[in-house]
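First comes the structure, then the notes that go with it.
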Amino acid sequence: MTPLTLLAEDNFEAPGPSIFDFPPLYEGAPTWLTKPVVFAVVGTLLVCAFAWSAFAKPQLVPRGMQNIGEKGYEFVRDQVARPFLGKDAERWMPLLLSLFFLILLWNFFGVVPLIQIPIASHIAFPVVFALTIYIIKIYLGIKHQGLGGYFKNMMFPPGLPKPIYVLLAPIEFLSNLILAPFTHAVRLFANMFAGHLILAFFSAVGFWFLFEKLTPLGAGLGVLGVVMTIAMTGFEIFIQFLQAFLFTMLAAMYIGGSLHPDH
């Protein structure tokens, strides 16, 4: 008897999209007042509190929260802002640093006991961030290059044979004005959604076979489910950090492209 047969015979139901469906917190509450919304606000307040404790009264020799804050600042500045923004890096650091820390904390909520929901696994949150960066990108592009210059630089990169532009211009338009904000949001959402689903599946397998259907074969599957949950949790933490970094890096790249089209 294979593990899949055993799962089917035990009527095991793997977690699906329903684990992302949160009703209002209490009867009569607005439909938008759900667990993800509450913890999105909690995460925002925690980031504000962290920033205040780290940077409100900086000391010459950093300690505690200031030390953590400065390490985070240096990481975002050196790995995200300076490579794409150059001399404008410091000017945009408040936005990029806030974006990185908030997305990182929201992602980490997915592995925090009792919370266990990455906020970005709900598409509305990445969409709001992506649209904000998208609007800033277009505004800066038009402001610094002019309306005609912005679309010309975007759709007609210099130095190419003119016949190439017949194919390239529509592709550049589609890529920069439609696909870019879409992929910016979906990349973060899809990774957090898939990661949370995988963790929920292995956790459910471990719980089911160790507590609900304890048999010799089931015990082995239950232990495997627990081991995989632990292993995937460590991997998911890495992915959560990576996705916060990539989202912030793309934001810097889009802003830098509008400020410095020649680069």
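The shortest non-hydrogen separation linking E236 to G195 is OE1-CA, 3.3 Å. What you find for A54 and G69 is that their closest heavy atoms are CB-CA, 4.2 Å. Counting all heavy atoms, side chain and backbone alike, A81 lies closest to M93 at CB-SD, 3.7 Å. Counting all heavy atoms, side chain and backbone alike, I119 lies closest to F125 at O-CD1, 3.4 Å. Residues L105 and L46 approach most closely at CD2-CB, 3.8 Å, considering heavy atoms. Between N107 and A244 the shortest heavy-atom distance is ND2-N, 4.0 Å.
Linking Ile, Leu, Val, Met, Phe, Trp and Tyr whenever their side-chain heavy atoms come within less than 4.5 Å leaves V128 and V47 in two separate clusters. Put simply, V42 and L33 are part of the same group of oily side chains (I, L, V, M, F, W, Y) that touch within less than 4.5 Å, one to the next. Residues L99 and L242 share a hydrophobic cluster, clusters being chains of Ile/Leu/Val/Met/Phe/Trp/Tyr side chains in contact below 4.5 Å. Following chains of ILVMFWY side-chain contacts shorter than 4.5 Å, one can reach V38 starting from Y26, so the two form part of one hydrophobic cluster.
Listed by chain and number, the residues in a side chain to side chain contact (heavy atoms under 4.5 Å, CB included) with V41 are L45 (sequence neighbours excluded). Scored by the ring-ring contact (aromatic ring centres under 6.0 Å, His included) test, F84 finds no partners at all (sequence neighbours excluded). Scored by the side chain to side chain contact (heavy atoms under 4.5 Å, CB included) test, E74 finds K71, R77, D78 as partners (sequence neighbours excluded). Partners of F108 under the ring-ring contact (aromatic ring centres under 6.0 Å, His included) rule, at least two apart in sequence or in another chain, do not exist in this structure. Scored by the side chain to side chain donor-acceptor pair (under 3.5 Å) test, N191 finds no partners at all (sequence neighbours excluded). Partners of I115 according to the side chain to side chain contact (heavy atoms under 4.5 Å, CB included) rule, which considers only residues two or more places apart in sequence or in another chain, are F39, F109, V112, I117. Remark: E70 pairs with Q66 by the side chain to side chain donor-acceptor pair (under 3.5 Å) rule, at least two apart or across chains. Contacts of S203 classified as side chain to side chain contact (heavy atoms under 4.5 Å, CB included), with partners at least two apart in sequence or in another chain: T229.
Atoms NZ and CG, on K137 and L250 in that order, are 10.5 Å from each other to the nearest 0.5 Å. Between atom CZ of residue R82 and atom CG of residue D88 there is a gap of 12.5 Å, rounded to the nearest 0.5 Å. Going from atom CD1 of I198 over to atom CE of M228 covers 8.5 Å, rounded to the nearest 0.5 Å. Taking CZ from F201 and CE from M232, the interatomic distance works out to 11.5 Å, rounded to the nearest 0.5 Å. Distance check, rounded to the nearest 0.5 Å: CD of Q145 to OG of S258 gives 6.5 Å.
For S121 (side chain) and F193 (main-chain N/O), no donor-acceptor pair under 3.5 Å exists by modelled atom type. In this structure, the side chain of W106 does not engage the main chain of P118 through any donor-acceptor pair within 3.5 Å. For the pair H196 (side chain) and Q116 (backbone), a donor-acceptor distance under 3.5 Å is present.
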Side-chain donor-acceptor pairs of residues 173-189 under 3.5 Å, sequence neighbours excluded:
from : atom 1 : to   : atom 2 : distance (Å)
N176 : ND2    : E172 : O      : 2.8
N176 : ND2    : E172 : OE1    : 3.1
T183 : OG1    : L179 : O      : 2.9
T183 : OG1    : A180 : O      : 3.1
H184 : NE2    : F247 : O      : 3.1

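Note on residues 132-153: no pairs pass ring-ring contact (aromatic ring centres under 6.0 Å, His included), not counting sequence neighbours. Pairs passing the ring-ring contact (aromatic ring centres under 6.0 Å, His included) check and including a residue from residues 47-74, sequence neighbours excluded, read F50-F101.
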* Asked: Going through the checks in order, is the side-chain contact (heavy atoms from CB on, under 4.5 Å) test met by V80 and F245?
  -> CA-CA 8 Å; V80 176; F245 169 73; 3.6 Å; yes
* Decide side-chain contact (heavy atoms from CB on, under 4.5 Å) for I255 and L95; before the verdict, give the C-alpha distance in whole Å, the side-chain angles of both, and the deciding distance to 0.1 Å. => CA-CA 11 Å; I255 293 172; L95 172 64; 4.0 Å; yes
* To do: Decide side-chain contact (heavy atoms from CB on, under 4.5 Å) for V111 and Q240; before the verdict, give the C-alpha distance in whole Å, the side-chain angles of both, and the deciding distance to 0.1 Å.
  => CA-CA 10 Å; V111 295; Q240 289 167 346; 3.8 Å; yes
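With ring centers used as reference points, F241 lies under 6.0 Å from F75.
Side-chain contact between F202 and L224: absent, with no pair of heavy atoms (C-beta onward) separated by less than 4.5 Å.
More than 12 heavy atoms of other residues, nucleotides or ligands shown are found within 6.0 angstrom of CE on M253.
Judged by the 6.0 Å distance and 45° axis criteria, K35 is not positioned over the aromatic ring of F22.
Cluster partners of I171 are absent, since no Ile, Leu, Val, Met, Phe, Trp or Tyr has side-chain heavy atoms less than 4.5 Å from it.
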